[in-house]
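See below for the structure under consideration.
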Number of protein chains: 2
Amino acid sequence: MNLKELSKHLGLSQTTVSRALNGYPEVSEATRARVVAAAHANDYSPNTRAQGLATGLSRCIGHVISVGDSGEMVNPIFGDFMAGAGETYAAHGYDMMVTRVGERDEAETYRRLKARGAVDGLVMHSPRFNDSRLDLLNDLGLPFVVHGRSSGAQVPYSYLDVNNRRAFYETTRHLTGLGHRRVALLNGQEQLDFAIRRRQGYEQGMQEAGCDIDPDLMAQDEMTEDYGYRTAISMLDLPSPPTAFLVSSIICAAGVRRALDDRNLRPAKDVSIATFDDCLSYFRNSAAPPVFTAMQSSVRAAGATLARMLIDRINTPNAPHTQTLWEAEFVVGASTGPIKD
Amino acid sequence: MNLKELSKHLGLSQTTVSRALNGYPEVSEATRARVVAAAHANDYSPNTRAQGLATGLSRCIGHVISVGDSGEMVNPIFGDFMAGAGETYAAHGYDMMVTRVGERDEAETYRRLKARGAVDGLVMHSPRFNDSRLDLLNDLGLPFVVHGRSSGAQVPYSYLDVNNRRAFYETTRHLTGLGHRRVALLNGQEQLDFAIRRRQGYEQGMQEAGCDIDPDLMAQDEMTEDYGYRTAISMLDLPSPPTAFLVSSIICAAGVRRALDDRNLRPAKDVSIATFDDCLSYFRNSAAPPVFTAMQSSVRAAGATLARMLIDRINTPNAPHTQTLWEAEFVVGASTGPIKD
DNA sequence: GGGCCATTCCAAAGCGCTTTGGCAAAGTGC
DNA sequence: GCACTTTGCCAAAGCGCTTTGGAATGGCCC
């Protein structure tokens, strides 16, 4: 059933029916009620494409997820982020479009998304240091918000980020406060901005505690369980192994835990683990006490908030940019303790 | 830049430009080359909505993910599935739309997706026993494929499923073959079809081995790490605890492993763990030997294949339904061993 | 009763594309 | 050289909606 048929069925013009459904005041309440009822009964919804063509809007938000040429991992936070964002989109009548793309085709993808008029705005994921996508998106004139930040970027933009530097600084201090001087950092890929900041926080914390920053105790890669395991094993086998691990993701931390287990080391007692925790729905760290000492920030909440920010930007494109920084919540769990003497 | 402008720029009609770009034979190759070059230079892509309106197709595939009212977990396989599917879609010029919805709004969501003409087809996730969505989708006349199956469904439909029953049967037999008679099942939610089949396989395996099927050793819930941990702990604390765990997801299995660790039990030596493994990119089980004895089947490959199946269905809606059953690959890892005497 | 507002509705244009039906020009067979 | 097909292109209609610019109706005041 389309507008024409529905309006014929009601004995009204298309104009009136359209206006009734879209809440315009030129229609009497009696008529509106009649129209709405009929639309529901015939389960009519305006055709998205026709509506989009007429209004010039797609009421659709794009998410471009690059699967790095450098790796094959699908970011495990993706699902929870989408769930959060999707909720907000649904509440505001937006659809969500996901495009998977290799890193080299990124720019082309953004350009085409704009040219095709497929989306009204988009969320940029996994910003890198001085990310060229910012300039591209600004040039394209497509409203966007960034999940994270890009250090070194010249152009203004809206973002929501976690204070990664602070979180890693304070957690490092927590560990050094427990007497640890050999603290390992298992970071994410350091072309990504959040990883750079995390490392800065870690280094600052180590320096202030008067600890050596040992390259042998710093690793970076895609944050898989296996990476956590392998890296922890090889570090534990060093002549002078770390007594604490600072980890970038709870998935990784699970791998580190497994490594300790393999080496017959007990978390907290023998070796400490602290991790960043995105509060993934399938990997909760919410027992009492939590399994891991952690810096917590819900990626699902981030998705919901960023979606909201983006919708606001679409509605008022010239509003000043909003830049939000969330502090991670530090929780002490069962995975850290004072250094063994 | 739109068609009108581009054709004016080229000194050609819109018809000719459109045909040149869409590969119709009525255009000379010289003209086509000129048009394609100009389109590229001005980075023109036809407007999705206009194209869709004219053709009656959206070139977009829908994915409806229900977040059960019964729980809040976002399925961790989601990201990898999307990555696989997205690749196929991109290769065939399809967009991917994701809709997140509460279970109670499911039917309404499907109906609206159809009425709005938003998608040309969709992938149905997490089918339940005798799932009413099959009838709904058939009534709507929207091409679809199912990831999994729905036992008890009367209508024919296309699906790709893993032979869950066989996988769990054989893995149960593997465990009983190692002498285990108290094998616990940590299943997914048993309103979901795959969980029912897994349980059947488990029960058949236990029966054939002459083992009791003890309700105390069977659990079902959302497959989180925490569920694995909690359930394993409480089962291990039974007067007559299990000597082996059969687990529905590797995330869960990580929780079980942690429980063993807490109770000072060694995997394989003291208690065995076998698990289903979706080959998630961030939680690989591919070491040599694998960490877990597992039934492996890549959900990413499933995504890619289902996407392909759906596109075929859209192209030839009246073709007979394809029903594909993949056998999980059984691998023996470091988490199972003979029962302690 | 005529003039004036509100109120309530409508006809038609336009969004950017595809596609039908057709028309010149060029090529072909006899 | 004629009738014919083929080639290469175009004008215009139509997809289903929104929105502009009226127009008809009824109520009110003087």
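Note that this is a predicted model, so its numbers are computed, not measured.
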| task | Could you tell me which residues satisfy side-chain hydrogen bond (donor to acceptor under 3.5 Å, both in side chains) with A/Asn2, sequence neighbours excluded, listed by chain and number? | result |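 A/Asn2 satisfies side-chain hydrogen bond (donor to acceptor under 3.5 Å, both in side chains) with no residue once adjacent residues are dropped.
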
| said: Between A/Lys8 and A/Glu5 (salt bridge meaning N to carboxylate O under 4.0 Å), is one present in this structure? | reply: no

| field | Check against side-chain contact (heavy atoms from CB on, under 4.5 Å), B/Leu280 and B/Val299 | value | CA-CA 7 Å; B/Leu280 302 177; B/Val299 72; 4.0 Å; yes

| Given that B/Ala54 and B/Leu12 both sit by DNA chain D, which one's nearest nucleotide is further toward the 5' end? |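 Its nearest nucleotide being more 5', the pick is B/Leu12.
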
| note | Per nearest nucleotide of DNA chain C, the residue lying toward the 5' end, B/Thr16 or A/Leu53, is A/Leu53

Pairs of donor and acceptor atoms involving the side chains of residues 139-149 of chain B, under 3.5 Å and at least two apart or interchain, shall be tabulated with distances.
from     : atom 1 : to       : atom 2 : distance (Å)
B/Arg149 : NE     : B/Asp161 : OD2    : 2.9

Could you tell me which residues satisfy side chain to side chain contact (heavy atoms under 4.5 Å, CB included) with [X], sequence neighbours excluded, listed by chain and number?
X	answer
A/Ala39	A/Leu6, A/Leu21, A/Tyr44
B/Ala54	none
B/Ala107	B/Arg111, B/Leu136

| message | Has A/Thr305 got a side-chain atom pairing as donor or acceptor with A/Ala302's backbone, closer than 3.5 angstrom? | response | no

| field | N/O donor-acceptor pair under 3.5 Å between A/Asp193 side chain and A/Ser151 backbone | value |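 Yes: the side chain of A/Asp193 pairs with the backbone of A/Ser151.
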
| message | Please list, in numerical order, the residues of residues 42-52 of chain B that have a heavy atom closer than 4.0 Å to any atom of DNA chain D. | response | none

| query | What are the residues of residues 26-41 of chain A, sorted by number, that bring a heavy atom to within less than 4.0 Å of DNA chain D? | reply |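 Hits under 4.0 Å, by residue number: none.
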
Can you give the donor-acceptor pairs under 3.5 Å from side chains of residues 314-321 of chain A to other protein atoms, not counting sequence neighbours?
from     : atom 1 : to       : atom 2 : distance (Å)
A/Asn315 : ND2    : A/Ile311 : O      : 3.3
A/Thr316 : OG1    : A/Asp312 : O      : 3.0
A/His321 : ND1    : A/Ser158 : N      : 3.1
A/His321 : ND1    : A/Ser158 : OG     : 2.9

| message | Taking the side chain as everything from C-beta on, heavy atoms only, tell me whether A/Met96 gets closer than 4.5 Å to B/Thr99. | response | no

Donor-acceptor contacts under 3.5 Å from residues 121-130 of chain B side chains, at least two apart:
from     : atom 1 : to       : atom 2 : distance (Å)
B/His125 : NE2    : B/His63  : ND1    : 3.0
B/Arg128 : NH2    : B/Glu106 : OE1    : 2.7

| task | Mind checking B/Thr55 for me? I need base, sugar-phosphate or nothing, with any heavy atom below 4.0 Å counting as a touch. | result | sugar-phosphate

| How close or far is atom P of D/dG21 from atom CD of A/Gln14, stated in whole angstroms? |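 Going from A/Gln14 (CD) to D/dG21 (P), I get 19 Å.
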
| said: Take N1-N3 plus N6-O4 or O6-N4 for Watson-Crick, N1-O2 plus O6-N3 for G-U, both under 3.5 Å. Which runs of 3 or more such pairs involve DNA chain C? | reply: C:1-30 with D:1-30

| query | Listed by chain and number, what are the salt bridge (charged side-chain N to carboxylate O under 4.0 Å, His left out) partners of A/Arg116, not counting sequence neighbours? | reply | B/Asp95

| message | What is the first contacted nucleotide of DNA chain C and what is the last, in 5' to 3' order, if contact means an atom lying under 4.0 angstrom from a heavy atom of chain B? | response |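 With heavy atoms of chain B under 4.0 Å away, the range is C/dG16 to C/dG21.
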
